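Heads up, the thing below is written out as structure tokens.
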Amino acid sequence: MRMLINVPETVVADALRGLAAAHPELTVDVENRVIVRRDAPVAGKVGLVSGGGSGHEPLHGGFVGPGMLSAACPGEVFTSPVPDQMVRAAAAVDSGAGVLFIVKNYTGDVLNFDMAAELAEDEGIQVAKVLVNDDVAVTDSLYTAGRRGTGATLFVEKIAGAAAEEGQPLERVESIARQVNENSRSFGVALSACTTYAKGSPTFDLPDGELELGIGIHGEPGRERRAMMTSREIADFAVHAVLDDMSPRNPVLLLVNGMGATPLLELYGFNAEVQRVLTERGVAVARTLVGNYVTSLDMAGASVTLCQVDEETLRLWDAPVKTAGLRWGM
Amino acid sequence: MLDADFFRRWMTATAASVDREAERLTALDSPIGDADHGSNLQRGFHAVTAVLEKEAPATPGAVLVLAGRQLISTVGGASGPLYGTLLRRTGKALGEDAEVSEGQFADAFRAGVDAVMALGGAAPGDKTMIDALIPAVDALGDGFGAARAAAEEGALATTPLQARKGRASYLGERSIGHQDPGATSSSLLVAALAEANGE
């Protein structure tokens with residue numbers, strides 16, 4: 001494999017040094033792996049801390065800044081960060097108004113954030129947690145770890161981030177975050193596996209002419225393998241999978257998300273097909289975001305996330321945001 | 001009787017074993033997980049041996065508590081909290097004695113495994129590290145060699161199971177037919193006990 005790296009062991013640290021150089025508006029602690037907006041803690045403002053494995057960029061470090069996250073903790077590639085990072089992040093952003101941890105539903109992320117919340121509370125920081133679990137490909141039953149958190153993470157971080165920026169109190173920011181998660185559903189498709197630096201070869205073998213339906217964002221295969229489909233057929237499959245699980249009454253936010261290696265030309269073409277299916281199903285799209293936001297290294301493919309919004313959440317979505325990976329209105 | 005030096009040897013032997021088997025652990029993790037179990041544990045146990053050299057705690061309990069805390073601080077993922085809790089809780093259950101009997105250790109290790117089950121919510125048969133640890137705990141009364149054999153057998157027996165916890169659970173039936181990487185690394189940890197005892 002040809003990869004633009006030095007050695008696998010320093011990939012994350014090297015990326016953090018580069019992020020710091022490109023974004024002086026961030027404080028990047030390369031050694032302890034914490035990315036904080038430079039003006040934190042902001043007086044009276046709830047701190048938003050998210051984190052997870054690296055390899056999903058711009059999630060989460062690319063979403064730190066005014067209007068979105070206060071801090072992010074990147075773990076090793078596809079591995080949750082450790083509690084020490086989260087406690088450090090919480091301490092850096094807490095102004096006394098409390099901190100909201102935004103956690104994707106993976107066992108590692110959940111366990112480490114739980115431990116961090118306990119430790120942070122020992123230090124006198126008020127902590128609330130919201131779990132993101134929007135992936136309809138996974139059966140949510142007593143017999144699995146539950147649904148994965150994927151594309152909806154971006155909606156939760158943006159909308160709760162806007163609420164925090166307005167100075168809303170912790171319990172309100174938490175309930176908005178929870179509501180956004182509950183109103184969001186995702187489905188992902190892989191056209192290729194990805195290659196992690198630790199392994200150096202594709203994480204699963206996907207022959208030419210086949211695709212994986214119902215993937216997560218960690219290079220794990222999906223629930224089902226089928227013969228290659230057209231963009232139109234994939235859009236039909238993905239949107240129906242999402243709509244089978246939700247019946248939006250209001251207009252929705254739409255995220256057409258690239259997994260990392262699919263060109264924007266293809267993503268926009270896919271978006272046209274997704275919008276066509278949504279129109280056929282009578283779902284009105286209020287805002288659309290197309291691009292690589294919640295990625296899985298060099299995996300080709302895309303995911304579709306819908307979030308049912310109301311006037312308030314749509315207003316918060318439109319509120320100004322200034323981060324490395326998402327910015328508008330300021 | 002087992003002293004602090006025995007428990008340091010246990011950790012060193014585990015680190016060496018994880019080093020030797022890192023590629024195999026990662027290969028097992030690849031079809032059903034995200035292909036990093038070997039490298040994550042390697043990072044953690046290197047940190048454990050480094051801190052034990054630096055701080056050299058005087059009691060068996062303190063060695064394991066320190067090792068567990070170090071794993072939680074360095075591994076990440078699910079393995080960090082789960083292995084960290086296993087060692088911390090085992091260490092805490094050993095108390096402050098300078099030497100412990102094999103029977104005391106067996107009881108403490110069971111307390112550690114119980115804590116792992118409580119934290120991860122996994123039960124036997126869910127295709128996790130528990131499937132190697134429970135048989136090991138049950139066999140500890142017959143010595144470290146018996147525990148090693150039981151853990152290895154438990155790890156092998158995860159192959160036909162469907163994963164219900166952790167990332168492999170997202171694959172549903174497709175997780176069947178693959179040996180669980182967590183159960184495999186747990187069997188390495190138990191095997192290192194026998195090794196530290198010169199077996």
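All of these numbers come straight from a predicted model, not from anything done at the bench. Residue numbers start from 1 in every chain, and the chains themselves are labelled A, B, ... in the order their sequence lines are given, proteins ahead of strands.
- Around atom CD of B/Glu23, no more than 12 heavy atoms belonging to other residues, nucleotides or ligands sit under 6.0 Å away.
- Only the backbone of A/Glu224 comes within less than 4.5 Å of a heavy atom of chain B; no side-chain atom from C-beta onward does.
- Near-neighbour residues of residues 130-153 of chain B relative to chain A, defined by a heavy atom under 4.5 Å from a heavy atom of that chain, are none.
- Heavy-atom distances place the backbone of A/Val77, and not its side chain, under 4.5 Å from chain B.
- Environment of CD in A/Glu118: sparse, with no more than 12 heavy atoms of neighbouring residues, nucleotides or ligands closer than 6.0 Å.
- Contact residues of residues 40-68 of chain B toward chain A are B/Asn40, B/Arg43 (heavy-atom distance under 4.5 Å).
- Interface with chain A: from residues 185-199 of chain B, no residue qualifies, criterion being any non-hydrogen pair under 4.5 Å.
- The OG atom of B/Ser39 sits 8.5 Å away from atom CD of A/Glu9, with the distance rounded to the nearest 0.5 Å.
- Summarising the geometry of A/Arg147 relative to B/Tyr170, their closest heavy-atom pair is C-CE2, 4.5 Å, with the distance given to 0.1 Å.
- Heavy atoms closer than 4.5 Å to chain B are found nowhere in A/Arg33, neither backbone nor side chain.
- Scanning residues 73-87 of chain B against chain A with a 4.5 Å heavy-atom cutoff picks out B/Ser73, B/Thr74, B/Val75, B/Gly76, B/Gly77, B/Ala78, B/Pro81, B/Leu82, B/Thr85, ordered by number.
- In this structure the side chain of A/Glu76 never reaches within 4.5 angstrom of the side chain of B/Asp36, judged on heavy atoms.
- In this structure, CZ in A/Phe78 is found 12.0 Å from CG in B/Asp29, a value given to the nearest 0.5 Å.
- Within the 4.5 angstrom heavy-atom criterion, atoms from both the backbone and the side chain of A/Asn112 approach chain B.
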